[in-house]
Structures are given as structure tokens and as C-alpha cells.
Amino acid sequence: MATSMIHLFVTVLLVAAHTAFAETNMLQDLCVADLKGAKVNGYACKDPSQITPEDFYYIGLAAAADTSNTAMGSAITAGNVEKIPGLNMMGTSMSRIDYAPGGLNPPHLHPRASEAIFVLEGRLFVGFLTTTGKLISKHINKGDVFVFPRALLHFQQNPNNAPASVIAAFDSQNPGTQSVGQSLFGANPPIPDDLLAKAFGVEPQVIQKVKGKFPAKK
């Protein structure tokens, strides 16, 4: 009797898991995001009668962004669901990243997506860190592709005297970005200086100096 109950319980769990997985797929042709509506783990669907071609179109990645006023010498132009409402529920998005000579897209991670970059122009030094601390890195050139696994720290650097740019593709409509420096030293409310000092093996005065370079976001 006990064995039968266990089998029944396992069967119910498997059916429930299969159903939950299946329901993550769209049950209709499309679900254009209603950017003005309520947001609960994504966007609600726009009224189908209000859908236009512009919901699936975006010109923002066509031209290089201005990198002259950025601290790191890089500029990111997102092509996510907030810019292309038609991406809602499709599990994909794109960005363009432009790098000034010597520019850097500093160590960061995307909690909800893997990333693949295609080099449009220039040459970059790129890499990511595994959870064991191994650095996987490579110099890549125009026309090359490099992939960063989901939620692992990674970076791109332009060590050359000419600009560079890439197109990045993500397997999420909104991959999210968490930058190491900004997250640790620009947190709001701030992480205590003594905590960071102990974590990095430095004096609190050093932490205060570094925090001055990362204004807290409101």
C-alpha cells in the first residue's frame, strides 16, 4: 500500500512539473507587452486590436552610441522588451555595445540570461570566470563570436587605439545586469565599510575612497 502511494505521489509530481513547464510556453501567437499595464514577472499582453508593426521594430542598434561621457569608455544600447514590446514572452533580446579606445565593459553578470556577442568592428579582450575561479579569456576580432554562460562574471575590454563594437544576443527578453563595482560600492543603502574592508583585506579608508567613485543609485 505504501509503495503504491509513493508511486502515485511521484506520478502526480511528474505530471505537475510537466504541466508547469509546458505552461511557460506561449498559448497564443504573440503577446505584445503592454508597457503601461501592471507588471508581474513580465508584462501583460496588449490588446491585439492595438498591435502595430512598430511593436516589433527598433532602429536603436543601427548607430554607434557616444562613449565620450562614460566613466568606463563603453556604452550599451539595449534592445530588450522595454524597447521592443513584441519580444514579450519570446525569451530573447539584443544589445549593442560600443567601446572607445581603451574602453571597458567592467565585470558584471546577467542573472537571467546567457550571452553571445558578435564583433562588428575592432578587436576585444573578453572573458568570464567560472565558480571555481578559472578565467576563460580570448582576444577576438571582427566577425568573431564569443559566448558567456548565464550568471557568470564576465567582461569585455578594448585594449586598442581604435573604437570597437559588438552586437550581443540574450536568451531572455530582460536579462538584467549586475555590475560588480556598482553593486558592492554603490549599494543603496550602502554596505558597511568594515564589512567590505574585511572581505577585500584592506583598510576602511580604502573602501571609502573606492565608494567615492561609485555614487549610489536612487
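Atoms considered below: every heavy atom in the structure, side chains included; atoms not considered: hydrogens, waters and symmetry mates.
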- Report yes if some heavy atom in the side chain of Val32 is under 4.5 Å from a heavy atom in the side chain of Phe56; otherwise report no.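 In short, these two side chains touch, coming nearer than 4.5 Å.
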- Student check: side-chain heavy atoms of Phe185 and Ile191 closer than 4.5 Å: no
Rounded distance [0.5 Å steps], [atom1] in [X] versus [atom2] in [Y]:
X      : Y      : atom1 : atom2 : answer
Leu152 : His108 : CG    : NE2   : 11.5 Å
Asp193 : Lys211 : CG    : NZ    : 4.0 Å
Phe125 : Ser137 : CZ    : OG    : 3.5 Å

Regarding [X] and [Y], do their side chains bring together a donor and an acceptor under 3.5 Å, going by distance alone?
X      : Y      : value
Tyr43  : Glu82  : yes
Gln173 : Asn88  : yes
Ser172 : Asn174 : no
His154 : Glu115 : yes

So, applying side-chain contact (heavy atoms from CB on, under 4.5 Å) with [X], which one of [options] is it?
X      : options                        : result
Leu124 : Asn141, Asn158, Asn160, Asn105 : Asn158
Gln156 : Ile140, Val119, Ile117         : Ile117
Leu120 : Leu61, Ile97, Ile167, Asp98    : Ile167

- Message: Could you check, using the six-membered ring where one of them is a Trp, whether Phe170 and His110 have ring centers closer than 6.0 angstrom?
- Response: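 Aromatic pair counts; centres sit under 6.0 Å.
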- Query: Between Phe118 and Phe146, does the ring centroid distance fall short of 6.0 Å?
  - Reply: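 Centroid separation for Phe118 and Phe146: 6.0 Å or greater.
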- Task: Show your working on side chain to side chain contact (heavy atoms under 4.5 Å, CB included) between Ile207 and Lys209 and close with a plain yes or no.
- Result: CA-CA 5 Å; Ile207 298 298; Lys209 185 175 181 180; over 6 Å; no
Using modelled atom types only, decide if a donor and an acceptor are shared between the side chain of [X] and the backbone of [Y] within a distance under 3.5 Å.
X      : Y      : answer
Ser74  : Leu104 : yes
Ser114 : Arg150 : yes
Thr70  : Thr67  : yes

- Does Leu135 CG have over 12 foreign heavy atoms under 6.0 Å away?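 Yes, the 6.0 Å shell around CG holds more than 12 heavy atoms from other groups.
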- Take atom CG in Asn161; do more than 12 heavy atoms of anything else shown fall under 6.0 Å from it? no
- Let me see the working for Cys45 and Gln28 under side chain to side chain contact (heavy atoms under 4.5 Å, CB included), right down to the final yes or no. CA-CA 11 Å; Cys45 300; Gln28 56 202 51; 3.5 Å; yes
- Query: Less than 4.0 Å between a side-chain N and a carboxylate O, is that true for Arg112 and Asp171?
  - Reply: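 A salt bridge is absent here (no side-chain N lies under 4.0 Å from a carboxylate O).
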- Message: Quick check: is Met94 connected to Ile84 through a chain of hydrophobic side chains (ILVMFWY, heavy atoms under 4.5 Å apart)?
- Response: yes
- Message: If hydrophobic clusters are built from ILVMFWY residues whose side chains come within less than 4.5 Å, do Val145 and Ile136 share one?
- Response: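 No, Val145 and Ile136 fall in different hydrophobic clusters.
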- Task: Step by step, work out the salt bridge (charged side-chain N to carboxylate O under 4.0 Å, His left out) result for Asp144 and Arg123.
- Result: CA-CA 9 Å; Asp144 290 348; Arg123 187 169 186 263; over 6 Å; no
